[in-house]
Amino acid sequence: MEYNFRDIEKKWQQKWVEEKTYKVAEDNSKPKFYVLNMFPYPSGAGLHVGHPLGYIASDIYARYKRLQGFNVLNPMGYDAYGLPAEQYAIQTGQHPEKTTFQNIDRYREQLDKIGFCFDWDREVRTCAPEYYHWTQWAFQKMFNSFFCNKCQSAQPIEKLIAHFDQNGTEGLDVAQTENLTFTAEEWKAMDEQQKSSTLMNYRIAFMGETMVNWCAGLGTVLANDEVVDGVSERGGFPVEQKKMRQWCLRVSAYSQRLLDGLDNIQWSDSIKETQRNWIGRSEGAEVEFNIADSDESFTIFTTRADTMFGVTFMVLAPESELVEKVTTAEQKAAVDEYIKYVKGRTERERMIDHKVTGVFSGSYAINPFTGEKNPIWIAEYVLAGYGTGAIMAVPAHDARDYAFAKHFNLPIIPLIKGADVSEESYDAKEGEVINSPRTDVKPYIDFSLNGCTVKEAIAKTKVYVEENGLGRVKVNYRLRDAIFSRQRYWGEPFPVYYKNGIPTMIPEECLPVELPEVDKFLPTETGEPPLGNATVWAWDEQNKKIVEDTKIDQKGIFPIELYTMPGFAGSSAYYLRYMDPHNKTALVSKEAAEYWQNVDLYVGGSEHATGHLIYSRFWNKFLFDLGISCKEEPFQKLVNQGMIQGRSNFVYRIKDTNTFVSFDKKDAYEVTPLHVDVNIVSGDILDVEAFKAWRPEYNDAEFILNDEGKYMCGWAVEKMSKSMFNVVNPDMIVEKFGADTLRLYEMFLGPVEQSKPWDTNGIDGCHRFLKKLWKFVTEGERTETASKEELKALHTLIKKVSADIESFSYNTSIAAFMVCLNELSKLKATTKETREALAIMLAPFCPHIGEEFWQMLGHDTTVCDAPWPVFNEEFLKEDSVKMMVAFNGKARFPMEFPADVTSEEAEAAALNDPQSAKWMEGFTVAKVIVVPKKMINIVLKK
RNA sequence: GCGCCUGUGGCGGAAUUGGUAGACGCGCUAGACUUAGGAUCUAGUAUCUUCCGAUGUGCAGGUUCGAGUCCUGUUAGGCGCACCA
């Protein structure tokens, strides 16, 4: 009987649907296991062979866990909102909903062919109202919360209001945009408008006037992680800084918790490190400097408190509000000109060339440690958004300050013994402190750091600063608040209306606020949101419903927010929704959340390290504070699958002709390399006839073949993309070899985490293995009792496969299958039990053939619920062991010993052996070392 | 500049975590069966070699009886952060 994968796969895929084999429900009698893939956004191009890589890996793990008796949740859905889906819709001139749904159908069709064990009853789509209901709901909860620094958690805003009523801002320690100060009386005296804007300073979801990344090409603002090298990640349009009123999420409040949480999750070091960098914690001190001849003062942030005595000038960021205050009349013209210059420079320019520029403000600051007057400069190398936007410059020990001091001829005072600062600054935080205070001037205060190490000096200065009221110890984070609104159509609407200009939440029971139809959904370059084109889009407060905006002037009818939410809104808590996807009254029920807890294994690309994986952790921590999520961290273990790159092929056209020359002969001509569809190339040999038929302009193409009469193509590894004609479609592989072969081959290609180019050539080996296995199971001789060799081969496999699946080493466990089959094929006959064990262990990798075998062996249940074979060490034991005996680590020879030999016996035997005696001549035994591999090394001395 | 990761045959990649380097697959070579081979089966395949053996995991050292694995330095590639004070 032939291995007819087409019929087998069709049969089982139908059966799985009919019998709902993969439907899961909470079941307290079984331990749970939650496997999750990052859900895809359905692009118009469909799936290529790279997409299923992670899905296959997690599918194998999910099936394995189920065989081990776990109740496994393995859901799938679509991230259907956001820029990508909308860009595609705009390019094809169709409504985003229509194209999105088409793409989803296409994805589903392709996914179904590969045989995944997804529970499709739990599918979610971020663009479905019953889903984004809970995205809007979470936003409202964030709006109605503030973050308490003391208890490090989100609290209801009412608590804060009560505090203001009682004490104003006295004794407040909360996450905030600005450090406001007011009394209870002042608070009470505020009108509604003032109270609203004051509270915005504290809400976790708040509206703020902030510098945003404005991208005119996309017609929207972007989050920091969506901007790469000053251009938009999607589309590559230039991005400029612009001040706009935007919704923001106070992600920064959770900085410390986001950092601490990394210690308790099993993620790769590189992703954790990337997140640590992104959060950017730095410990330092804020120190206050008075401005000379003025009542004003300002605060700087430094991590090098030990260098207070080496300050020779101060620098303000050009955007700082202080600039105006410190600029003197004489310097005004120069400062204005400089500010103008800085404004004319784009973010990108500032990032690429670090020009040393700046201007003197005319004022001086008094150094509280030396009493000296340090000139205040304004320079673009100081950033407004970090710390306080002002620094003290210590050119001797900071490279940037050093470059600035050299350029503008400012003094440089070294503070570390032996540091040579004539050519460059000494930035290392080590050495003995000197010149603090300098011995040639009269000390200004009674405080000295001389003789300390840098570390001691930092600590000592911090204590002094706090005790003398000069400032405070401060931890700064690089992590910024996330900008949460987009001037786009295809996203979640905000459940917000503007009552007399005050942002007000639409009542919870009226959610979701559904996305209205519009005539024109294209964004505008000026930032007018497309939702403004909706005819039905105003809130009737009395009747609690959405009405036509023509009524906006009437009493009680208010405009609804026109912005929409960004892509990460819908993807931040979808893993919770999968637990209870059809719940109409809650994001997730308490029972479901408590049963499934959090994701045990999350599989997805590492490109989301600073986006989705930060936002999701933030979002989950917030819901954890509310008691919705049961675990502080959403994803316990994370595996980052590598990218599958494309392997492009090239043909070489001789200039100005329609003649193509084979790769190995092209150097004799002047040629243009052209991408050629990899589907008409096999083993780098071009199918010449298919090439002629590929495009009309090649119909009469001529070829210069190589000596073997073949046309060889060149090749290169590039991103898999339509434009390079290197896309390999999984459907075609499934059609030719079957889904089981595709699954096996994708895993056999190498470690899941590694990026690698796709190469269909090796697939034959995997297909051959399945054919051989098929033959073995269907035609091999049978016996009742298993031989020693059979048990050994089988149990070697059980041990290897169990360990390898646990550690995601799928490629090596497939190799073990091949070895095992080879061993078994050498035997005359094998037992039914061995075949059953093979079927069960193969099922996670190749579920269709696994089911087929299981049925052939007389079972009428699904192989998914079979018990995983039990490993028995006994069968691996040998009668005798071969050991190596080594002298001086050089000469070695093998000796046979009984299997249960002890190291003493082995040593004695080795010493008595005539051959070894020859080796040992002139030596005495120094020591015997027993090593894990049962090799004994005898160390000899002359 | 700072941080993280990776360098093993013609290729993808193994190596029980310090113990016979190159599992398994591709490719290649030879043979068998075939009208045919892009089917199947068998054998071989790190390098050098005077066929005894010697060398061999980017490079140079070190620790060890023993190093692909640990340490130091170096080089190449990839990733992240970056005038972050």
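Just the heavy atoms: all of them, side chains too, but no hydrogens, waters or symmetry mates, feed the values below. Residue numbers begin at 1 in each chain, while the letters A, B, ... track the order of the sequences.
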Next item on the list: Name the nucleic acid region contacted by P751(A), choosing base, sugar-phosphate or nothing; use a 4.0 angstrom heavy-atom cut-off, strictly under.
Entry: sugar-phosphate
Note to self: Categorize V315(A) for me: base, sugar-phosphate, or nothing, with a 4.0 angstrom heavy-atom threshold over every strand shown.
What the structure shows: nothing
In whole angstrom, give me the gap between the [atom1] atoms of [N] and [M].
{"N": "G25(B)", "M": "C59(B)", "atom1": "P", "result": "29 Å"}
{"N": "U72(B)", "M": "A67(B)", "atom1": "C1'", "result": "15 Å"}
{"N": "G31(B)", "M": "C65(B)", "atom1": "C1'", "result": "46 Å"}
{"N": "U64(B)", "M": "G78(B)", "atom1": "P", "result": "38 Å"}
{"N": "A14(B)", "M": "G7(B)", "atom1": "P", "result": "9 Å"}
{"N": "C84(B)", "M": "U6(B)", "atom1": "P", "result": "28 Å"}
{"N": "U8(B)", "M": "U55(B)", "atom1": "C1'", "result": "15 Å"}
{"N": "G12(B)", "M": "G58(B)", "atom1": "P", "result": "14 Å"}

Once you round it to whole Å, what is the distance between [atom2] of [N] and [atom1] of [X]?
{"X": "D804(A)", "N": "G13(B)", "atom1": "CG", "atom2": "P", "result": "17 Å"}
{"X": "E424(A)", "N": "G1(B)", "atom1": "CD", "atom2": "C1'", "result": "11 Å"}
{"X": "I279(A)", "N": "G3(B)", "atom1": "CD1", "atom2": "C1'", "result": "15 Å"}
{"X": "I271(A)", "N": "C81(B)", "atom1": "CD1", "atom2": "P", "result": "11 Å"}
{"X": "Y381(A)", "N": "G1(B)", "atom1": "OH", "atom2": "C1'", "result": "16 Å"}
{"X": "L259(A)", "N": "C81(B)", "atom1": "CG", "atom2": "P", "result": "16 Å"}
{"X": "N476(A)", "N": "C84(B)", "atom1": "CG", "atom2": "P", "result": "13 Å"}
{"X": "M643(A)", "N": "G78(B)", "atom1": "CE", "atom2": "C1'", "result": "12 Å"}

Would you mind telling me which of [options] lies closest to the side-chain atoms of [X]?
{"X": "S270(A)", "options": "A85(B), C4(B), G13(B)", "result": "C4(B)"}
{"X": "S282(A)", "options": "G80(B), C83(B), A85(B)", "result": "A85(B)"}
{"X": "N277(A)", "options": "G80(B), U40(B), A85(B)", "result": "G80(B)"}
{"X": "L383(A)", "options": "C81(B), U40(B), A85(B)", "result": "A85(B)"}
{"X": "K736(A)", "options": "G80(B), C83(B), G38(B)", "result": "G38(B)"}

Next item on the list: Start with the C-alpha gap between Y810(A) and F808(A), add the side-chain angles, then the distance that decides, and say whether ring pair (Phe, Tyr, Trp, His ring centres under 6.0 Å) holds.
Entry: CA-CA 6 Å; Y810(A) 297 137; F808(A) 262 75; 5.3 Å; yes
Going by purine N1 to pyrimidine N3 plus the second Watson-Crick contact, or the G-U wobble pair, all under 3.5 Å, which nucleotide sits opposite [N]?
{"N": "U55(B)", "value": "A46(B)"}
{"N": "G80(B)", "value": "C2(B)"}
{"N": "A32(B)", "value": "U40(B)"}
{"N": "C26(B)", "value": "G10(B)"}
{"N": "G18(B)", "value": "none"}
{"N": "G61(B)", "value": "C71(B)"}

Check: Which way is the base of G9(B) turned, syn or anti, if we draw the line at 90° from 0?
Finding: syn
Margin query: Syn or anti for U8(B), given that syn means the glycosidic angle lies within 90° of 0?
Written below: anti
Notebook entry, point to check: Going by heavy atoms in the side chains, are R304(A) and D398(A) under 4.5 Å from each other?
Noted result: no
Item checked: Any N726(A) side-chain heavy atom under 4.5 Å of N649(A) side chain -> no
Check: Should the pair Y3(A) and H767(A) be assigned to parallel (<30°), tilted (30 to 60°) or perpendicular (>60°) ring geometry?
Finding: tilted
Note to self: Over 60° means perpendicular and under 30° means parallel, so tell me whether Y386(A) and F301(A) are parallel, tilted or perpendicular.
What the structure shows: perpendicular
At a cut-off of 3.5 Å, list every protein nitrogen or oxygen paired with a nitrogen or oxygen from nucleotides 24-26 of chain B, distance to 0.1 Å.
from, atom 1, to, atom 2, distance (Å)
C26(B), OP1, R768(A), NE, 3.3
C26(B), OP1, R768(A), NH2, 2.5

Notebook entry, point to check: When you measure from the side chain of T299(A) to the backbone N and O of E286(A), does any donor-acceptor pair fall under 3.5 Å?
Noted result: no
Next item on the list: Would you check if the side chain of R617(A) reaches a backbone N or O of L258(A) as a donor-acceptor pair within less than 3.5 Å?
Entry: yes
Notebook entry, point to check: Would you say A85(B) has OP1 or OP2 under 4.0 Å from some side-chain N or O of Y386(A)?
Noted result: yes
Check: So, is Q754(A) close to the G13(B) phosphate, meaning a side-chain N or O under 4.0 Å from OP1 or OP2?
Finding: yes
Margin query: Are W758(A) and Y745(A) an aromatic pair, judged by ring center distance below 6.0 Å?
Written below: yes
Notebook entry, point to check: Mind checking whether F817(A) and F845(A) have ring centres under 6.0 Å apart?
Noted result: yes
Note to self: Ring of W267(A), cation from R276(A) - is the NZ or CZ under 6.0 Å from the centre and inside 45° of the axis?
What the structure shows: no
Notebook entry, point to check: How do K799(A) and M392(A) order along RNA chain B: which one's closest nucleotide is nearer the 5' end?
Noted result: K799(A)
Next item on the list: Specify the residue among K800(A) and K775(A) whose closest nucleotide of RNA chain B lies further upstream toward the 5′ end.
Entry: K800(A)
